[in-house]
Amino acid sequence: GENVEQHPSTLSVQEGDSAVIKCTYSDSASNYFPWYKQELGKRPQLIIDIRSNVGEKKDQRIAVTLNKTAKHFSLHITETQPEDSAVYFCAAGYGQNFVFGPGTRLSVLP
Amino acid sequence: NAGVTQTPKFQVLKTGQSMTLQCAQDMNHEYMSWYRQDPGMGLRLIHYSVGAGITDQGEVPNGYNVSRSTTEDFPLRLLSAAPSQTSVYFCASSDRAGGPAETQYFGPGTRLLVL
């Protein structure tokens, strides 16, 4: 089955700097790669996703890149703000074979 | 639309007790799932359903049962609670019968403590 690794486990950045979180996956059949943000005590919420026929996708300050050959994808947050502080989860899979990474705790320091 | 709702929000059980975690969605989604979230381990799939009357096991199904008698409801049953089942449980739904390869919408979670 699919196995998803995520790095780093914790990340601290200064407000205004960029943050990058990387994930690798094992199953070459995976074709859907979402990113979820989870604030403390809240539910995970989708912030961006990418499918295997696209290499990059942007939504304002957030972007995701996908390298299917290397089986990795990354989340990029530019101009970070204190409200970006949260745990971020990547996931990978296809159909019902869908696995989450262990999460990255991002802290944006004012 | 209420989206995905879960009850209760918090529950304390004694070892060996049974209980049902409720999950409902009003988006007419075919796919529903249950995850547990433990520190440092992300979200792990317990059971899922691709439609009424159809359920299947995920990564960590032992100790849990599910049923899907309607499109809207997907309860999770703990048969005999154990301390290892202390966790936060999330229900999720997706508008794709083949699996969650579309946006998954999560419920608010149920925090379970087993003593």
Side-chain angles (χ1 to χ4, degrees), chain A residues 1-11 21 23-27 29-54 57 59 64 66 73 75 86-106, chain B residues 2-7 9-10 21 23 25 27 29-51 54-61 66 68 87-111:
Chain A
E2 179 62 273
N3 182 52
V4 177
E5 297 185 355
Q6 184 173 347
H7 299 281
S9 58
T10 61
L11 178 61
I21 303 170
C23 287
T24 60
Y25 62 99
S26 60
D27 193 337
S30 290
N31 60 11
Y32 179 59
F33 308 91
W35 286 88
Y36 285 82
K37 175 184 180 182
Q38 186 178 29
E39 298 176 351
L40 189 63
K42 301 287 183 64
R43 72 190 79 187
Q45 292 195 303
L46 181 77
I47 55 172
I48 195 167
D49 58 9
I50 192 168
R51 300 185 186 276
S52 61
N53 59 341
V54 177
K57 183 177 178 180
D59 183 2
V64 58
L66 171 65
F73 56 111
L75 177 71
V87 178
Y88 291 81
F89 294 97
C90 64
Y94 61 96
Q96 294 144 29
N97 183 23
F98 193 72
V99 176
F100 282 83
T104 296
R105 182 174 299 278
L106 173 64
Chain B
V4 181
T5 58
Q6 289 182 239
T7 56
K9 291 183 180 180
F10 181 72
L21 280 63
C23 175
Q25 51 91 11
M27 297 175 283
H29 284 170
E30 293 289 336
Y31 182 90
M32 296 185 73
S33 55
W34 277 101
Y35 292 89
R36 61 177 288 172
Q37 184 174 35
D38 303 295
M41 300 189 72
L43 293 150
R44 292 185 294 168
L45 184 64
I46 304 171
H47 285 284
Y48 64 92
S49 168
V50 298
I54 305 170
T55 64
D56 207 343
Q57 297 181 349
E59 180 185 357
V60 288
V66 292
R68 185 95 180 268
S87 188
V88 180
Y89 292 85
F90 287 100
C91 178
S93 73
S94 172
D95 186 19
R96 184 179 173 94
E102 296 288 345
T103 301
Q104 284 204 88
Y105 296 89
F106 284 85
T110 293
R111 188 174 297 273

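Naming: A, B, ... by sequence-line order, numbering from 1 per chain.
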Is the side chain of A:T104 donor-acceptor paired with the backbone N or O of A:H7 at a distance under 3.5 Å, no angle test? no
In terms of heavy-atom pairs under 4.5 Å with chain B, the winner among A:P44, A:G41, A:A91 is A:P44
Options A:Q45, A:K42, A:Q38, ranked by heavy-atom pairs under 4.5 Å with chain B, top entry: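 Among the listed options, the one with the most contacts to chain B is A:Q38.
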Contact part of [X] toward chain A, heavy-atom cut-off under 4.5 Å: side chain, backbone, both or neither?
| X | answer |
| --- | --- |
| B:Q37 | side chain |
| B:V88 | neither |
| B:F106 | both |

Test applied, side chain to side chain donor-acceptor pair (under 3.5 Å); reference residue, B:Q104; option that passes from B:S94, B:S33, B:S93: B:S33
If one checks every heavy atom of A:Q6 against chain B at 4.5 Å, the contacting part turns out to be neither
Structural part of A:P34 lying under 4.5 Å from a heavy atom of chain B: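 Interface part for A:P34: neither.
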Distance-minimising heavy-atom pair for B:R68 and B:S49: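 Nearest heavy atoms, B:R68 then B:S49: NH1-OG, 2.7 Å.
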I need the minimum non-hydrogen distance between B:Q6 and B:F90, along with the two atoms involved. OE1-CA, 3.6 Å
Does a donor on one side chain and an acceptor on the other come within less than 3.5 Å for A:E2 and A:S26? yes
Electrostatic pair B:D38:B:R36 at N-O distance under 4.0 angstrom: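 Result for this pair is yes, salt bridge flagged.
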